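We use all heavy atoms of the structure for the numbers below, so side chains are in, but hydrogens, waters and symmetry mates are not. We count ligands from 1, going down the list as the structure has it; atoms in each ligand are counted the same way. Every value quoted in this text rests on a predicted model; they were computed, and no experiment measured them. Throughout, residue positions are numbered sequentially from 1 according to the sequence presented.
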Amino acid sequence: MAVNEAQIQDIVRQVLKSMNVAGVSCTGNGIFESMEEAIEASVKAQKVMKQMSMDGREKIITAIRKKTMENAEVLARMAVEETGMGNVSHKILKNQLVAEKTPGTEDITTTAWSGDRGLTLTEMGPFGVIGAITPCTNPSETVICNSIGMIAGGNTVVFNPHPAAIRVSNYAVQLVNEASIEAGGPSNVAVSVTKPTMESSAVMMKHKSIQLIVATGGPGVVTTVLSSGRRGIGAGAGNPPALVDETADIRKAAADIVNGCTFDNNLPCIAEKEVVAVSSIMDELMHYMIEENGCYLLNKDEQEKLTSVVITEKGLNRKCVGKDAITLLSMIGVKAPNTTRCLIFEGPKEHKLIAEELMMPILGIVRAKDVDDAIEQAVWLEHGNRHSAHMHSKNIDNLTKYGKAIDTAIFVKNAPSYAAIGFGGEGFCTFTIASRTGEGLTSASTFTKRRRCVMSDSLCIR
Ligand code: NAD
């Protein structure tokens, strides 16, 4: 049955109403008033989960996928309405992607050795109760992604979501629990709190029942988790440079870069945040960006005005994060054509709009004299985050050199950045890319501990 615009808006209004928009005090279905209550419920659910078969876990995951697909649009609209960031149609795609391509129990594998002395297995067992801190930039996507992976690993999960995205995050937590119950699993496989704060996250990090903490967000939260004294997985900030050399298909590179950069208004941590181009093709690249891909070339005066609006004395202006290009231009009094998707300009790598991770469709383009110079500047721009980098080139030596030099968890070649998470590229999806702690693109197996089971002198039938 097709649902029209008015019906969708009505559903979103009803969901928001049911979640008590003003006070965010909706409890039930995994949502608790206090972190202590939430953890207690998760511990109980974990006891049930521990007894479940792998097949039982997979049934819960199948139900989560189905509910996410059914609610992809509601989740997308809730996120944009609540956070004021991003693009509804792109967020629908992100929710669908997470439902379809996040690995389930098939990611839980066993390694075996057999021989004269018997059979030894290394199995992946659950940590137990995992604490997860999630961002406002991909709120429901991260809750669903973490839930699928963690439940596939046999864990239950306690969320402390970003306060600016609490309604949509908690709605996602509720969907996960509804899915579990409908599939014959326990309630409270995922839990959260009505009002997440620094204090509630501190309670979570110190709690004796929490075996592992997974933090997805900026540098602050990752550093806090890694200093907590607990086992932590840190999925931190990036500032991905897209490098274009003289061998690239320049017209395609322009389209790929703008498509990646403007996806969900540049909110994904993997998205192209600046370009470094070899001088000989730079003008051609900018030509295609402007003529064929809706880029608006900022003049010097506009660059200065935009810099002072986007980066204030207090740092990044959150009111600009996740806004589209036309809204950003309107903030400096410029009325742009309604085909405008991205704002570009040429500048040095130290320019504030280039060096900082902005999460909005502004692409500074840095000129390099040759590929070696481009690689050096791109490595500087990535700031050692070791997160993501992209390159457009047909020269495998150049691609290899850049990949080695920048040493990031993600390196996309000749495609938009979102190919990295399975959107138009091979491979599974994740919204938690453990750049800081080195697990890379997380999946169910990341949320398990290794256990060796040894049978001595038997069960080898070779
Ligand atoms: P954020 O750092 O503001 O918030 C992320 C989460 O951490 C929130 O739940 C927030 O409440 C919490 N938090 C922040 N500081 C904390 C502290 N000191 N102690 C405990 N909790 C704290 O990030 P955001 O604006 O929601 O998301 C954008 C940032 O996250 C960007 O830097 C982006 O690159 C990064 N990010 C990384 C990944 C990844 O997979 N590596 C994914 C998404 C976002």
**Prompt:** Should the pair Y418 and F423 be assigned to parallel (<30°), tilted (30 to 60°) or perpendicular (>60°) ring geometry?
**Reply:** perpendicular
**Request:** List the steps and the verdict of side chain to side chain contact (heavy atoms under 4.5 Å, CB included) for H392 and K252.
**Result:** CA-CA 9 Å; H392 298 265; K252 180 176 181 300; 5.6 Å; no
**Asked** Can you find a side-chain donor-acceptor pair between S34 and E37 that sits under 3.5 Å?
**Response** yes
**Request:** Quick one: list whatever passes side chain to side chain donor-acceptor pair (under 3.5 Å) with E382, sequence neighbours left out.
**Result:** none
**Message:** Distance to the ring centre below 6.0 angstrom and angle to the axis at most 45 degrees; does that hold for K404 and Y402?
**Reply:** no
**Prompt:** Is the shortest distance from a Lys or Arg side-chain nitrogen in K401 or D372 to a carboxylate oxygen in the other one below 4.0 Å?
**Reply:** yes
Which pairs of nitrogen or oxygen atoms, taken one from ligand 1 and one from the protein, are under 3.5 angstrom apart?
| unit_1 | atom_1 | unit_2 | atom_2 | d |
| --- | --- | --- | --- | --- |
| ligand 1 | 2 (O) | G218 | N | 2.8 |
| ligand 1 | 9 (O) | T134 | O | 2.7 |
| ligand 1 | 9 (O) | H162 | N | 3.2 |
| ligand 1 | 18 (N) | T224 | OG1 | 3.1 |
| ligand 1 | 25 (O) | R318 | NH1 | 3.3 |
| ligand 1 | 25 (O) | R318 | NH2 | 2.8 |
| ligand 1 | 26 (O) | C136 | N | 2.8 |
| ligand 1 | 30 (O) | G217 | O | 3.4 |
| ligand 1 | 30 (O) | G218 | N | 3.3 |
| ligand 1 | 32 (O) | E357 | OE1 | 2.8 |
| ligand 1 | 32 (O) | E357 | OE2 | 3.4 |
| ligand 1 | 34 (O) | E357 | OE2 | 2.5 |
| ligand 1 | 40 (O) | I433 | N | 2.6 |
| ligand 1 | 41 (N) | G236 | N | 3.4 |
| ligand 1 | 41 (N) | G236 | O | 2.8 |
| ligand 1 | 41 (N) | H387 | NE2 | 3.1 |
| ligand 1 | 41 (N) | I433 | O | 2.9 |

